[in-house]
Every structure is written in structure tokens, then in C-alpha cells.
Amino acid sequence: MKRDDLINKLPLLSGKGSWHTNDLGGRYASLHLSDGPHGLRKQDEDAKTNNDSYVSTCYPTASCLASSWDRDLVAKVADSIGQEALTADVAVVLGPGVNIKRSPLCGRNFEYYSEDPYLSGELGSAFINGVQKNGVGTSLKHFAANSQETRRMTSDSRVDERTLREIYLSAFEKCVKKANPATVMISYNYLNGYKATENRHLMTEILRDEWGYDGVTISDWGACIDLTAAVKAGLDLEMPGSGKVHLNKLKKDLEAGRITEEDILPAFSRLEKLIEDHSQNKYVDADSIDPHMIALEAALQGAVLLKNDKNMLPLNSGIEINVIGELAKTVRFQGGGSSHINTHPQPDIISEFEHAGFKVNFAPGYSVNSPFPDTRLEQEAAELVKNGCPTVFCGGLTDLAEGEGYDRKTLDLPDNQSHLVEILDDSDIIFLSFGGSPFTVPFMDKIKAMLHMYLGGEAVAKAAVMLISGEANPCGKLAETWPMSLADTPAYKNFADGSGEVRYEEGVLVGYRHYDTLGIKTLFPFGYGLSYTTFEYSDLKVEKFDGSSKEDPVRISFRIKNTGNTAGSEIAQVYVENPDDGFVRAGHELRGFEKVFLNPGEERTVEISLDDRAFSIFDTSLMSFDKAAGEYKILVGSSIDDIRLRSIVNIDGKDYGNDKTGTGLDLFIGNPECDLDSTEPGMYSVYNSLSELSERSWLGKIMLKIALKVAYSMYKGKPKDDPEVMMTIETVKDGPIDCIILQSGGIPYGIAEMIVKQANKRR
Ligand code: BGC
């Protein structure tokens, strides 16, 4: 390519504004990219704040959708989002998020499916296929090991190669191979000493060379600093655009031979293909779907019945009930941050109960704007429940507890909720709960039933009432473990403690792999969920196809019967019990599942294939997955703690019992020199955050003060702990100065350079 042509085309590698790809002055179509993934957050380029977006349907968040364990449902929701995107002229929806939940404290867990890579990969693939069948692209995010919000842009996830492949990359791998997302979003964090956007091992060696991905890699918003290093490592597009700043450096680097034409051309051709594939708005039959009804169906399927003593639920409609808790009025149905949807106002829980024929007495009992008990509100509620009617206590995590950009500090419910329930008379209390992640329930003994709605989207109130009244039968199951206490959680010792280096010392024992293998009691186990009916499992058959079918060496079948009086769905789970070969390996791993709807008395045969991966480990001496020989147990059950059927299968493969080569959790591929915690004068750069720089630069200090003031003033009238405000403030403090200045909309880049220069001066 002619040098001038090459130079003129470089802007293709950088976005145009916040949401568009570059059109090179009209030479190409400019694609509109929008969040995702729980509906469409389409923003105009001049939108001032995060929540200033077009009105669209708010579907349940990923943690709720995942509890449905329903590939078809996830695809249906995604299809609906894809159709809304088409109508809104959005070319790429930024989602799904398939990061693994390393700790229940991650503030963004509500946006992720599960602690298990198999389940996350299955549902992520369904989502991608659902959106993309409309000709709209997706962005699989956040690649990779982006497991916490604390210092999400300036911390280094240190993950050994085996853990990385078996746990943190596995869902991405499945999505790439099974569903081929149009783009993959590269995360903010560092991975093993390299910023993810400059990590060649991640973006080129694994994603492209090993998995064969030929779509476009996009930086998370503001995650690219050195475009030369990023493109050389495998990044195609930085978002948002950086004006001329990064491009000018790229140009200079090209002239100086630090990057070559060969490094750049593949990114051009991948971007051109993306633009060509997604620039034509296809016909959309908008009447064919009712997005709100799909949101309702998803909320119904994602809710999990966690307790139901003496069949307290369902309640007959028409009866008189008490509804206690401010969350019944200020219903929490979504999380804060980039997935926030600006949706039509919806009826609250009280009106939905009334609409269904209940007579409702309501008292708020606590405030959602503060965690502190309010005596007046408490007394009013305590007085009310003395009437002896069944009481639906609406509680759970409030917006203050979780959101993008900050992590949770505790697993506890807000104090005012726990205190309130403790003082209520021992009446029949049903806990109707909301929230994107697990929490502890100190008053568990006091409640008769608990129905968890997660963050169920715009139709959550209707769904909750339909489930409580028995108009629908709960069938969701937990896609994550609910621990008894924070100290029990796998990453307890090294999660979000504020340091730059985050060691994933728990290795492959994440989520239920940790509790189950180490015998730690949980509040609710992985895969758990009750129903208004009962199911019986029988007749497990295991067939081995070694040699004849390389992909699926084992096929199993079993029967499930609905033995109750109500129609309902059962989510049957297949766990494989690994042989104990004397190296670190989870006791049981989820390797298959199926959801079956059955009328009372109905019985069906379920068939599930188990592929090679079900019996493999990532062997670090071969740098590939390899089947481990041995006797495996096949367990079929209703949760990991409720196994109903068992069988045994012998698998041929490498004998790791005798030869442990490649089984270790000690291979780190990356940059051992990187130490984000001990930056000395002379080492500061535009990669450092304003918080870090302000400690050594008076200009940085002033800048931080001004930036925080401006950020707060953008949200005048909103409390400081509002999720939208919190996310912005955390980004200002933690974001690399490069990203903060470039996104400030006018501060000259020279200021960032001056601050860095000051910080580097020896005193
Ligand atoms: C988030 C992404 C999101 C992007 C665009 C980032 O801060 O991490 O998930 O897609 O912003 O809003």
C-alpha cells in the first residue's frame, strides 16, 4: 500500500467520538455501537451523562437470565434486543459479558452469568447467536480476567495459565468457537503484567492463533493508551476515539519503524469487513415481537425460589396481605453503569398485587437511601404486621450496594432491613428479594419463604406477583453459590484490597469448585432452586463412544417425571466427578444441563452429550487441553448438593496419576517485571491514574480536585452514592490520566504530560 494511503487510513483504528467507528470523511459507513447487554443504551454523541439514553426495553440482567439456565430464552431475549438495535440503527450491541464471578463482592457481577465457565459459555453463545441472527453484531466482553471493579483500570490480574484456560478464558473460547461474535471487547485491567489491550499472548496467540478468531478486537472504553503497542499486540479498534493524540504517536512510530505496515493491514481488513457486514440496515418486522412480554417471560424464568417451608407459597389471590419494605415501591430491577436502560415507568409491587386481586396493607419500614434504621418507619411496619396477615417483606441489595465501577464491601444486607425483620412479630413472613448478587440472610430462621427475583428487568413486579400467587411456577436455579460468610469465599484473601497486583491464588477452585472440593457449607448451593412441584429422576444410561466420535466421547440419558400437581420446569444438571490423581482439580464440574417442562404426571427422557473437555485439563506442558485417563463418575442432579443418579465411565487418555507433568498452577505467561504498586519517580507515565499522580504532582492534585468537582456538578441533585455518580467518580480517580484527559472534552493533552513530568521529578 502507498505510504500516503496507509497514513490516511490510520484513523480507521480509532473511533469517531464515543459511539461511532471512523468513516474517514465519508469513505466508509460509520457504525453506531451501543451498550448492552440488558437492552439498548443508545446515546447520541452529545449525551452528557451515562443515563441520558433513548428509551428502550429493560430485560433482566445477566445474573437473573442465567438462573433460567435456558439457552432458548437467552437467545429470545437477545433476538429481541437485536431487533430493537436494528430499528434504532445500532450496528453492534456491546455484550454479552461472560466474565467469571470470582468473588460475590464484584460490583458488576449482576452483568455476568455465572461462576461456572460451561454455563457462562453456553448462555453467552446463545446471546450472541440471538442478536447476530438479525445482522447486528455483538461485543463479547470483557476479555479477560476482569474480575473486580476496584482499580479496574490500574490493577494487574495475576492468573496462572492453567486457571486462565480452564476457568477465566473457557467461556470466551466457547463463545468465539460456537457463535463467532462480530467483535471482542478487550478489558481495562492488566493481565499478568501487560495491559490487556497490549497483551499479545491474549489477543493474538490465544484468541486468533489458537481459537481462530477473525473478527474485530475493540478496546473497552478508554482502555487503549499506546495504539502502536496495542495494534502490534492484536487490537484493531480503540474506543472511544482519541482525537489525534494516539494517532499522531502511531504515525511517528510508523515512520520510525516501531510498527510496520504488516502489523497494521490485518486490522484494516478486519474493520473493513465489520463495516461492510453491518452497515446495511436490514428489514425488521417490528410487529413480530412484544419486547415487554419477552422481558416478563425472562423475569419469570430467572426468579429462584430459595425457601418454601410448609408450602407457604403460593398465596391465594384475593386474600389480605401486608407488604413491607421500600423496595416494593422503589422496585430495583436493574443495575447501574453502562448497562443501565432508560425504560418506561412500570407499576410497582403493590399495584401488581392489587391488580391480581390481593388486598394490600403497605408500610415502607426502611429507606433505600440510607442503611440506617428509622425508628418511625420500623414502628409503623411492626404495628401493621400485628394484624396476622401473611407479610411479604420486600428487601435485598439497594443501588448503594452494587454497581459498575465499585465493589461491594460486605455480603450483608443493609442494616436497616435486617433490623426491621428482627423486630417484626413472628408472623408468616415471605421474603421477596432483589439484587444482582448473593447476600447473607441473618433472619433466615424467621422467614417461611424466600423468592429471589435478582434484577429482573422492567417486568419484575408483575413477574414476582405471578410467582407468589401461583399463576406461574418458579423454576430458576442459582448460577452461583450463595456463601454463608465472606470468609468462606474463594478469593477472600486477595480480592480488591486496593493493591495493584491481584493474585488469583485460589487457582481453579472458584465458585462451587471451591466450596464443594473443600467441603465448605453454603447458604444455598450452586444449581439450587425450588418449585411448586416435585421431580423424580430415574434410569441413567451412560454410553461411551471412544474412538468413533472424537467430539462427544460420552452420551448419557435419563428420565425425569413431574410427580407433583403443578406443571413446571426442571433444570437437570450433569456433574462429572474427577478421579483423584494427586494434583489440584475440582471434585465435581458442571459438564452439561437441560431444562425440561413437564405437566403433572408427565415423564420424559433427557439426552446429554459430554465432549472431550468434560474429561480434560489444560496441560501446561503441551499448552493444550488434554484428556486425563481414569475412572470418572457421572452425577445427575437437581443441584450440586442434590445428586439423584450416578454412574461410572472409564476414559482413556494421558495417565496423570503417574505423570503430573503439565498439571501445575505455577506457569505465568507475562511480564514478571511489572509492579504496579511501586512506581518510583522516573517511572510515572500517562498510564497512571490521577489519584496516583496527585501524590507527587501539585498540578495533579489540583486537577483531581477540579475533575471531581466537575463530575459531581454533572449530577447536581443526585446523592453522592448514586450508582451513576459513583461510577463517574471512580473513573476519575482510578482511570489512567490519558483516558481522563482525552474524555474530558477539551483539556489539552499537554496538561497530562506536565503532571506526569512533575511526578517524575526527584525531590
Ligand atoms: C464498560 C463496558 C461498556 C463501555 C461502553 C465501559 O466502561 O466497561 O462494558 O460497554 O464502557 O459504555
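Ligands are counted one by one from 1 in listed order, and the atoms in each one are counted from 1 as well. For the single chain, residues carry numbers from 1 onward in sequence order.
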Cationic N near anionic O, under 4.0 Å, Arg102 to Glu506 | yes
Close residues (non-hydrogen atom under 4.0 angstrom from ligand 1) work out to Trp19, Asp35, Arg41, Leu94, Arg108, Lys141, His142, Arg152, Met185, Tyr188, Asp220, Trp221, Ser338, Glu404
Answer yes or no: is there an ion pair linking Arg152 with Glu730, defined by an N-O contact shorter than 4.0 Å?
-> no
cation_pi(Lys101, Tyr112) dist<6.0 Å, angle<=45 | no
Among all residues two or more places apart in sequence or in another chain, which pass the ring-ring contact (aromatic ring centres under 6.0 Å, His included) test with His452?
-> Phe439, Tyr454, Trp482
Of all residues at least two apart in sequence or in a different chain, which pass the ring-ring contact (aromatic ring centres under 6.0 Å, His included) check with Phe172?
-> Phe143
Using the test salt bridge (Lys or Arg N to Asp or Glu O under 4.0 Å), find all partners of Lys76 that sit at least two apart in sequence or belong to another chain.
-> Glu297
